[in-house]
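Below is one structure, written out as structure tokens; the observations come after it.
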Amino acid sequence: MESHNMTNSSNLDMEKDQEKAFDYSKRAQWLRAAVLGANDGLVSTASLMMGVGAVKQDVKTMILSGFAGLVAGACSMAIGEFVSVYSQYDIEVAQMKRESGGGEIEKEKLPSPMQAAAASALAFSLGAIVPLLAAAFVKDYHWRIGAIVASVTLALVMFGWLGAVLGKAPVVKSSGRVLIGGWLAMGVTYGLTKLIGSHGL
């Protein structure tokens, strides 16, 4: 019985040591591309739709502006991520060549620019779909704005929670930062556009 307990204790200690040894920073590249891409798609598309809605309440105009924001943003994110990761790729290749003295390079250890670009574009698109779907089926203007804010709020909390869990960061702080940042972006965009529109500029 005592031997069994010692074995269980030893296994638990080994699992804890493995968890401590696991470098969560290795997740940083794809986690940053996915979570930030989704968050950017969510906030920028919602802010764009609310900004347009501040001066033009037509649902078709809001949806078209949101869709344009989705396409433009996804392309921009993909290109930016591709260029960024390719620069990192070149640096790591050069470093490997110096260390190996001209020998073979283990390319499987290198970052993939195409993978990062695809992940970033997909994540942005998934985030941007949230406010588009929220607005698409609501005809009344005020209810539409409320639906966008409510859906974006829920999604921001989820993205903040997901990023915290995957990165082993404090959940409340992470979710709070993401939520407040998203609210600020939407509020500033809506307020400024409303102000400019009311002055006929």
Side-chain angles (χ1 to χ4, degrees), residues 22-52 62-96 105-136 148-171 173-190:
F22 185 83
D23 185 7
Y24 286 97
S25 65
K26 291 179 180 179
R27 293 177 174 175
Q29 181 179 319
W30 68 266
L31 179 62
R32 176 178 60 86
V35 175
L36 292 185
N39 187 68
D40 284 348
L42 179 69
V43 174
S44 62
T45 304
S47 298
L48 177 61
M49 291 174 68
M50 290 187 67
V52 170
M62 288 183 69
I63 296 298
L64 284 174
S65 65
F67 181 74
L70 185 158
V71 175
C75 292
S76 177
M77 290 289 291
I79 293 169
E81 196 67 25
F82 181 84
V83 172
S84 175
V85 176
Y86 218 115
S87 297
Q88 181 184 347
Y89 178 93
D90 290 338
I91 291 171
E92 292 189 19
V93 167
Q95 180 65 25
M96 285 182 174
I105 298 174
E106 298 180 40
K107 291 191 174 182
E108 63 274 6
K109 293 183 178 181
L110 294 169
S112 170
M114 287 299 296
Q115 187 178 34
S120 185
L122 178 61
F124 186 97
S125 299
L126 290 175
I129 285 173
V130 173
L132 280 169
L133 288 178
I148 293 173
V149 173
S151 63
V152 169
T153 296
L154 179 61
L156 285 171
V157 172
M158 288 178 61
F159 288 148
W161 173 83
L162 181 62
V165 170
L166 293 177
K168 293 295 181 181
V171 174
K173 282 186 177 180
S174 178
S175 298
R177 282 194 299 265
V178 172
L179 180 59
I180 292 171
W183 280 348
L184 282 173
M186 290 189 295
V188 169
T189 305
Y190 182 87

- Please step through side-chain contact (heavy atoms from CB on, under 4.5 Å) for the pair Leu156 and Val43, ending with a clear verdict. CA-CA 8 Å; Leu156 285 171; Val43 174; 3.7 Å; yes
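- Of the possible donor and acceptor atoms, none in the side chain of Ser76 sits under 3.5 Å from a partner among the backbone N and O of Ala72.
- Put simply, CG on Leu154 and CZ on Phe159 are 9.5 Å apart, with the number rounded to the nearest 0.5 Å.
- Between Val130 and Ala155, the shortest heavy-atom distance links the atoms CG1-CB, 4.3 Å.
- Taking CH2 of Trp183 as the reference point, atom CD1 of Ile180 lies at 7.5 Å (rounded to 0.5 Å).
- The minimum heavy-atom distance linking Thr189 with Gly51 is given by the pair CG2-CA, 4.0 Å.
- Residues satisfying the side-chain hydrogen bond (donor to acceptor under 3.5 Å, both in side chains) criterion with Ser87, sequence neighbours excluded, are absent altogether.
- Of the possible donor and acceptor atoms, none in the side chain of Ser120 sits under 3.5 Å from a partner among the backbone N and O of Gly37.
- Nearest heavy atom pair, residue Ala46 against residue Val152, reads CB-CG2, 3.6 Å.
- Note that CD1 of Ile129 is 11.5 Å distant from CG of Leu42, once rounded to the nearest 0.5 Å.
- Met49 CE to Leu70 CG: the interatomic distance, rounded to the nearest 0.5 Å, is 10.5 Å.
- Side-chain contact between Gln88 and Glu92 is present, with heavy atoms from C-beta onward closer than 4.5 Å.
- Looking at Gln115 and Val85, their side chains never come closer than 4.5 Å, going by heavy atoms from C-beta outward.
- Between Gly69 and Phe124 the shortest heavy-atom distance is O-CE2, 3.7 Å.
- At distances below 3.5 Å, at least one donor-acceptor pair connects side-chain atoms of Ser175 with backbone N or O atoms of Val171.
- Considering every non-hydrogen atom in both Ala134 and Ser151, the closest pair reads CB-OG, 3.3 Å.
- In this structure, CE in Met62 is found 9.5 Å from CG in Leu132, a value given to the nearest 0.5 Å.
- The OG atom of Ser44 sits 9.0 Å away from atom CG of Asn39, with the distance rounded to the nearest 0.5 Å.
- Here the closest heavy-atom approach between residue Ala74 and residue Ser125 is recorded as CB-OG, 3.6 Å.
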